[in-house]
Amino acid sequence: MRKKTVLVLGLAVLAIAAAACAPNATQSALEPKGPYAQKSYDLFVPVFWVAVGIFVIVEGLLLLFAIRYRHRKARTTIPPQIHGNTRLEIAWTILPTLILAGVAVPTIATIWDLASKPTGNVLEVNVLGHQWWWEFDYPDQKIDTANELYIPTGRPVYVTLCAAGFGYGAGPPSEPGPPAPNACQTGPPDSFPPAGIGASVIHSFWVPALAGTQDVVPGMTNHLTLQADEPGTYPGQCKEFCGYAHAEMKFKVVALTPADFEQWVAEQQAGAEAPGQTEAEKGFEVFQSDLPAGGHCTDCHAIDGLETDQGQPILSNGAPNLTHFASRSCFAGCSLANTDENLRRWLENPSAVKYGSFMPDYGLSPEQIDQLIAFLNTLE
Amino acid sequence: MTVPTQRPTGLLSRPRATSGFWAWITTVDHKKIGILYGITAFGFFLIGGTEALLIRLQLARPDQALVNAEQYNELFTMHGITMIFLVVMPLSAAFFNYLLPLMIGARDVVFPRLNAFSYWAFLFAGLFIYSSWFLGGAPNGGWFGYAPNSVVDPTRGMTFYAIGLLIAGIASTVSAINLAVTILNMRAPGMTLFRMPVFVWMGLVVQLLLAFSLPVITIGLVELLFDRLFGTHFFDVAAGGSPVLWQHLFWLFGHPEVYILILPAMGIVSEILPVFARKPLFGYQFVVFSGIAIGFIGFGVWAHHMFAVGLGPVPNTAFAVSTMIIAIPTGVKIFNWLGTMWNGDIRFTTPMLFAVGFIAMFVIGGLSGVTHAVVPSDYQQTDTYYIVAHFHYVLFGGAIFGLFGGMYFWWPKVFGRMLNEGVGKVNFWLMLIGFNMTFGPMHILGLQGMPRRIQTYPASLGLAFWNMVATIGAFIIAVSVLVFLVNAIASFRRPREMEADPWDARTLEWATSSPPPEHNFDEIPVVHSLDDLWHRKYAETEGGRVVPVAAGGSGEEAPAAGPDAEHAQSHGDGHDGAHTGGHHGGHAIHMPSPSYFPIVAALGFPFIGYGLIFAIPPVIVLGFAITLAGFFGWALEPSAE
């Protein structure tokens, strides 16, 4: 039997070694990179070790009894019929109660700690969950961007979470209704082409290195505080099942030093500049003209600072604001790196790349796609 | 208490087949219905398992596209619905149906035809939900069906979900009332509540949990159905509805449901351990009361599924505390099981291995459950694979291990043949290894940032290794299930010659033949103590040594004659018009007659469902007509054959 114990221990060590050798997990909750994620982690670790202690005791007793009291061939007697022991049973009722009370106190303290709004030099950001991408709106800085949340290091970021999208229609469920109200919309209301661009459903905002989850619920205005201590890029993604492209509803938090962050803000606040070279100019024409399958890019996408040939501003914002599209490292719910090749795949047929995407296949010709890519690349 | 001496007059006559196809269709025998539940649930287990294998294949490596997002959503939704509503619940119902009357010394359940009706309604609910694969797509909004996503989906899947679960809910509600009344009213003389086996106690708690929690989900499902079909806006914020309403309704059912799934297995383990440790259950009262406590507190913990919803610090605190409290009675049970093994003479048969495996695995699920009660820690864990790991340790390592133990334990009683012990041990070890390989690594995956319900993940997240391990483990589980299947089929090649009490067991079902006669007991037993059968076989000397009572030690020496026995007959038979006086020797015992109408009454439900989904009013009317015809026939058929 000792051999078996050694085997079990050996396997456990092997498992831990394998875990250590596995490629580094980049979205791990076990490596907090800021004070708010640290608070969750600091509760998890002691509770984990208490659990390990109980695990060892209970499984140890189980193994011990299984070995010690196993039937032996020679045995003919029947064990004494013990019906219980009240004192012992009261003891093993009270003991876990005490352990749990010990766990409850710091738990409750941290619940209230995390629920309070941070004070001092706080950056406020509105986060809107769409089907299936994240919109980041900086109300004080007047910046509206998508898929990448830029934050300064060392400063609490107080996030207000809202679900964007339409409610039900009057008819069958597939028929979209009016936009569902939310408290995060600071710009013009979302515009909805007849096909609809995603329902207002529940999402969950999660960037494990910086904070725990908070759900994004239609009709509710939730809050979350996160903070990064070091500059870096921290991946996150939607955690609450929200339909077809749930797995592709990702984002990145990019933490910059305060100085770099101020520079980023200044760049983002500037409007887009009209394209200078011919190919990109043609792309801008495609962007505002009737598309082969009907509809216009401008029906859903805004570009601040540019006007259409008719002198109209491009304001629609049901889909990601493209003003500084070329400055982003990813698109399509951050499921694709922002490369020409990926843009081409995307523009050929969005839902072939991101299943269920509300951006239709507009039947663009390869030439039009090249022109659009050239145009998008100018939106720095 | 009339004894029909001539053929009763009535509009309809009752079926008379005692074997073959029609006997099974028309049966009202709780044992046959139990077997039907078991076979059906096992069939769905194979289907739900296949869905799990497809999920694991898709996730074996990063960036795979074996199935697309829509198919993946259907797979994980159907896997959840199947395993919860069509496998663990009905498999538990199989044990309850078969064993409860035997364990309390009754001849059948209190309402035998309703019992048959419950089974058929459950079967049709399962078939109805599965027919959605061929009628425009299976449910794809998760077994938890969160609105508004479950409402706005354009496929018909979630309508099938709502109606299918409503039909299954009718089946479960009817069965819950039937079994609860059976336990309370049909006990043999002397079988006081505190002489009932723990499995019966857990049965009672589960039936009451069902009876009180199913109405809540019924309201939620009706609202979902109305939102999907009739343009109501219960969950639509734009029209003043609330998505969180669904979550409250769902989890106020959903958490008691977790205990509905695990308590039967706890009851089974509490029966197996004493038999093979050859000791009574340690602290019977503590185990019973902790089961009752779990039943009550189980209604007060639902919002721990919703810590991240944004209910606020007050509800999160309250539900953190209630969740920690429910861990206490759960822990009590584990220590009492350990106490049962302590100082025993433990025979490691296959059922015992599964029971001990249950304890070992359930402890892990329980401990990871406590980490969810630590709310800020749960903010990281919720909706990740850590949760998937947790509830599979509870529902597979717990419920399924317990149910497999139960199958090995009662197989000889039910089928009169033993499952092969050697093959059974291979089954157990393969399942234990496969199970831990599959779900152990999911703890790590969740903490390393793998959310649930994603059909793919990029290689850059560094999750590939453990996902591959989990997939290999899943196929080892599949092999272990095949081993069981082979074992089960092979057992029927052996002759049916089983003694009444092959395990030297303790409870009444082992006092009658294997398999039991249709009327269960030739004479209604009279109960004198907890573990009555054991006390008929063994006595304690003054020195505390346990010795066999007499040569053979069979239950036949039970004091069946005398005044108690007279009481037995009048007590045991006074519950249903179809039951008539029992007499010594068993030759004059009248059992409830078979009936065509339970299946007819249940058959109307899927018609109503299809009519609603495809908006064909005549089909809806036809469905109601079939069900009504079933009920009228039921009422008008003669009380006995």
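Quick note on labels: first sequence line is chain A, next is B, and so on, each numbered from 1.
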Q: Pairing donors with acceptors under 3.5 angstrom, does anything connect the side chains of A/W112 and B/T317?
A: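 B/T317 and A/W112 do have a side-chain donor-acceptor pair below 3.5 Å.
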Q: Main chain of A/T26, side chain of B/S460: is a donor-acceptor contact present, judged purely on distance under 3.5 Å?
A: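 No, because the side chain of B/S460 does not come within donor-acceptor range (under 3.5 Å) of the backbone of A/T26.
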Q: First locate atom CG of B/L447, then atom CD of A/E31, and finally report the distance between them rounded to the nearest 0.5 Å.
A: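 Between atom CG of B/L447 and atom CD of A/E31 there are 11.5 Å.
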Q: Can you tell me if A/Q214 uses its side chain to pair, donor with acceptor, with the backbone of B/A308 under 3.5 Å?
A: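 Pair found, side chain donor or acceptor close to backbone of B/A308.
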Q: Would you say A/T213's side chain and B/Q380's backbone share a donor-acceptor pair under 3.5 angstrom?
A: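 Between the backbone of B/Q380 and the side chain of A/T213 there is no qualifying donor-acceptor contact (under 3.5 Å).
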Q: Listed by residue number, which members of residues 50-57 of chain A have a heavy atom under 4.5 Å from any heavy atom of chain B?
A: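 Those residues of residues 50-57 of chain A which have a heavy atom under 4.5 Å from chain B are A/A51, A/I54, A/F55.
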Q: Determine whether the side chains of B/N68 and A/Y244 contain a donor N or O and an acceptor N or O closer than 3.5 Å.
A: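 No, A/Y244 and B/N68 have no side-chain donor paired with an acceptor closer than 3.5 Å.
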Q: Is it the side chain or the backbone of B/V321 that comes within 4.5 Å of chain A heavy atoms, both, or neither?
A: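 Just its side chain gets close to chain A.
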Q: Locate the shortest heavy-atom distance separating A/W206 from B/P451; write the atom from each residue and the value.
A: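 So the two residues come closest at CZ3-CG, 4.2 Å.
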Q: Side chain, backbone, both or neither: which part of B/Y386 has a non-hydrogen atom closer than 4.5 Å to chain A?
A: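 When you check distances to chain A, only side chain atoms of B/Y386 fall under 4.5 Å.
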Q: Shorter than 4.5 Å, heavy atoms on both sides: which option in A/E89, A/K250, A/K39, A/R68 has the most such pairs with chain B?
A: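 The answer is A/E89.
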Q: As an exercise, state the distance from CZ of B/R453 to NZ of A/K239, rounded to the nearest 0.5 Å.
A: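 These two atoms lie 11.0 Å from each other.
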Q: Using a cut-off of under 4.5 Å on heavy-atom pairs, state which of B/S150, B/G241, B/S377 scores highest against chain A.
A: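 Of the options given, most contacts go to B/S377.
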Q: What part of B/T232 gets closer than 4.5 Å to chain A, counting heavy atoms only: side chain, backbone, both or neither?
A: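 Only the backbone of B/T232 comes within 4.5 Å of chain A.
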Q: I'd like to know if the side chain of A/Q81 reaches the main chain of B/R278, judged simply by a donor and an acceptor atom lying under 3.5 Å from each other, with no hydrogens or angles considered.
A: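 The answer is yes, because a donor-acceptor pair under 3.5 Å joins these two groups.
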Q: Using a 3.5 Å distance criterion without hydrogens, assess whether the side chain of B/D345 forms a donor-acceptor pair with backbone atoms of A/R75.
A: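 Not confirmed, B/D345 side chain does not pair with A/R75 backbone.
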Q: Less than 6.0 angstrom separating the ring centers of B/Y284 and A/H83, yes or no?
A: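 Not close enough - the centres of the two rings lie 6.0 Å or further apart.
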Q: For the atom pair CG (B/N149) and NE2 (A/H203), what is the distance rounded to the nearest 0.5 Å?
A: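 Output value for this atom pair is 8.5 Å.
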Q: Could you give the distance from CD1 (A/I202) to CH2 (B/W246), rounded to the nearest 0.5 Å?
A: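 If I round to the nearest 0.5 Å, the distance is 11.0 Å.
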Q: Side chain, backbone, both or neither: which part of B/L445 has an atom under 4.5 Å from a heavy atom of chain A?
A: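 No part of B/L445 comes within 4.5 Å of chain A.
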Q: Can you confirm whether the side chains of B/Q455 and A/E248 place a donor and an acceptor under 3.5 Å from each other?
A: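 Their side chains do contain a donor-acceptor pair, which is all the 3.5 Å distance test asks for.
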Q: Is B/A239 in contact with chain A via its backbone, its side chain, both, or neither, using a 4.5 Å heavy-atom distance?
A: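 Neither the backbone nor the side chain of B/A239 comes within 4.5 Å of chain A.
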Q: Can a donor-acceptor pair be found between the side chains of B/E70 and A/Y355 at a distance below 3.5 Å?
A: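 Their side chains do contain a donor-acceptor pair, which is all the 3.5 Å distance test asks for.
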Q: Between B/A65 and chain A, with a heavy-atom cut-off of 4.5 Å, which part of the residue counts as in contact: side chain, backbone, both or neither?
A: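 Neither part.
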Q: Between B/D227 and A/Y168, do the side chains contain an N or O donor and an N or O acceptor separated by less than 3.5 Å?
A: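 Present: a donor and an acceptor within the cut-off.
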Q: Where does B/F144 contact chain A at under 4.5 Å (heavy atoms): side chain, backbone, both or neither?
A: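 Side chain only.
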Q: Please flag which part of B/L281 lies under 4.5 Å from any non-hydrogen atom of chain A: side chain, backbone, both or neither.
A: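 The backbone, not the side chain.
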Q: Within the 4.5 Å heavy-atom criterion, are A/T93 and B/F335 side-chain neighbours or not?
A: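 The answer is no; the side chains never approach within 4.5 Å.
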Q: Would you mind checking which part of B/Y72 comes under 4.5 Å of any heavy atom in chain A, side chain (CB onward), backbone (N, CA, C, O), both or neither?
A: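 For B/Y72, there is no contact with chain A at all, as no heavy atom is under 4.5 Å.
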Q: Where does A/T77 contact chain B at under 4.5 Å (heavy atoms): side chain, backbone, both or neither?
A: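 For A/T77, backbone and side chain are both near chain B.
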Q: Tell me, side chain or backbone of B/Q381 under 4.5 Å from chain A's heavy atoms, or both, or neither?
A: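 It is both, since atoms from each part get that close.
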Q: Measure B/W337 against the heavy atoms of chain A and call it side chain, backbone, both or neither at under 4.5 Å.
A: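 Neither part, no heavy atoms under 4.5 Å.
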Q: Hey, is CZ on B/R545 packed in by over 12 heavy atoms from elsewhere, all under 6.0 Å?
A: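 Open.
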Q: If I measure from the heavy atoms of chain A, does B/V314 come under 4.5 Å with its side chain, its backbone, both, or neither?
A: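 Answer is both: backbone and side chain atoms of B/V314 are under 4.5 Å from chain A.
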Q: Does A/R72, at its CZ atom, have more than 12 non-hydrogen atoms belonging to other residues, nucleotides or ligands within less than 6.0 Å?
A: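 Buried by this count: over 12 neighbours within 6.0 Å.
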Q: Between B/R452 and chain A, which part of the residue has a heavy atom less than 4.5 Å away: side chain, backbone, both or neither?
A: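 For B/R452, the backbone is the part near chain A, not the side chain.
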Q: Which one of A/A115, A/G167, A/P218 has the most heavy-atom pairs closer than 4.5 Å to chain B?
A: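 If we count pairs closer than 4.5 Å to chain B, A/P218 comes out on top.
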Q: For B/F282 and A/W92, take the angle between the two ring planes, folded into 0 to 90°, and tell me which bin it lands in: parallel under 30, tilted 30 to 60, perpendicular over 60.
A: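 Judged by the thresholds at 30° and 60°, the geometry between B/F282 and A/W92 is tilted.
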Q: Need one label for B/Q247: side chain, backbone, both or neither, based on atoms under 4.5 Å from any heavy atom in chain A.
A: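 Looking at B/Q247, just its side chain touches chain A.
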Q: I'd like to verify something: which residue of A/P96, A/A245, A/A104 has the highest number of heavy-atom pairs under 4.5 Å with chain B?
A: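 Maximum pair count with chain B is reached by A/A104.
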